[in-house]
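For reference, the structure is listed below as structure tokens.
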Amino acid sequence: MSRPSRLQRQVLSLYRELLRAGRGKPGAEARVRAEFRQHACLPRSDVLRIEYLYRRGRRQLQLLRSGQAKTLDAFERRRGANEEPGEAGAPTTPPEERGDSRNPL
């Protein structure tokens, strides 16, 4: 069996860090496990996709560690005292209901 590549070691390290950061947050550990299982079948040659998912996982880890995230279900910007619910920066209507046919990926 060959030694794991540097990218594989980074991904495994991220997995462990996300599991540790998700302790005590409802649904976080299950979501981390499900997300990693979902992408486990990616071929090793798809380096661009793996690196993209790795960077996305790092951002989610930062959010979990920041203390502002209560769960891993939704990553939303906290509203200020003067902001209305629809002013949080992201549209409140899903793209399929807006008639926006662009693929988000």
Side-chain angles (χ1 to χ4, degrees):
M1 190 168 184
S2 64
R3 289 178 32 184
S5 69
R6 188 175 120 221
L7 184 56
Q8 285 175 313
R9 288 191 310 264
Q10 287 175 323
V11 168
L12 288 172
S13 174
L14 174 64
Y15 178 70
R16 287 188 297 267
E17 289 179 65
L18 279 165
L19 286 176
R20 284 185 199 119
R23 285 187 190 139
K25 294 187 182 358
E29 288 185 47
R31 174 78 186 263
V32 168
R33 290 180 207 277
E35 190 81 19
F36 273 80
R37 280 193 189 115
Q38 177 185 354
H39 298 293
C41 62
L42 282 174
R44 291 175 71 173
S45 59
D46 196 357
V47 176
L48 289 177
R49 178 80 174 152
I50 294 169
E51 287 179 344
Y52 163 76
L53 291 168
Y54 176 77
R55 287 190 307 270
R56 192 176 112 199
R58 277 278 164 211
R59 286 191 301 270
Q60 290 178 349
L61 178 62
Q62 287 175 345
L63 283 171
L64 274 174
R65 285 182 174 166
S66 72
Q68 293 181 356
K70 304 257 188 297
T71 66
L72 197 61
D73 290 339
F75 291 97
E76 296 179 5
R77 195 178 107 203
R78 293 177 70 188
R79 287 188 217 117
N82 297 332
E83 288 185 33
E84 293 296 319
E87 294 179 2
T92 56
T93 309
E96 54 274 0
E97 291 179 16
R98 286 194 317 260
D100 189 1
S101 61
R102 291 179 292 168
N103 186 354
L105 298 177

Heavy-atom pair with the smallest gap, counting every atom of [X] and [Y]:
X	Y	value
S2	R44	OG-NH1, 4.3 Å
Y54	Q10	CE1-O, 3.5 Å
A21	L61	CB-CD1, 3.7 Å

Inset, instruction - Answer whether the closest heavy-atom distance between the side chains of Q62 and R58 falls below 4.5 Å. - result: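 No, too far: nothing below the 4.5 Å cut-off.
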
Inset, instruction - Would you check if Q8 and I50 make a side-chain contact, meaning some heavy-atom pair closer than 4.5 Å? - result: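 No, their side chains stay 4.5 Å or more apart.
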
How many angstroms lie between [atom1] in [X] and [atom2] in [Y], if you round to the nearest 0.5 Å?
X	Y	atom1	atom2	value
R56	E35	CZ	CD	4.5 Å
L53	Q60	CG	CD	9.5 Å
Y52	D46	OH	CG	12.5 Å

Legend entry - Cluster check L7, L12: I/L/V/M/F/W/Y, side chain < 4.5 angstrom: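 No, because L7 and L12 fall into different hydrophobic clusters, even though each may have its own neighbours under 4.5 Å.
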
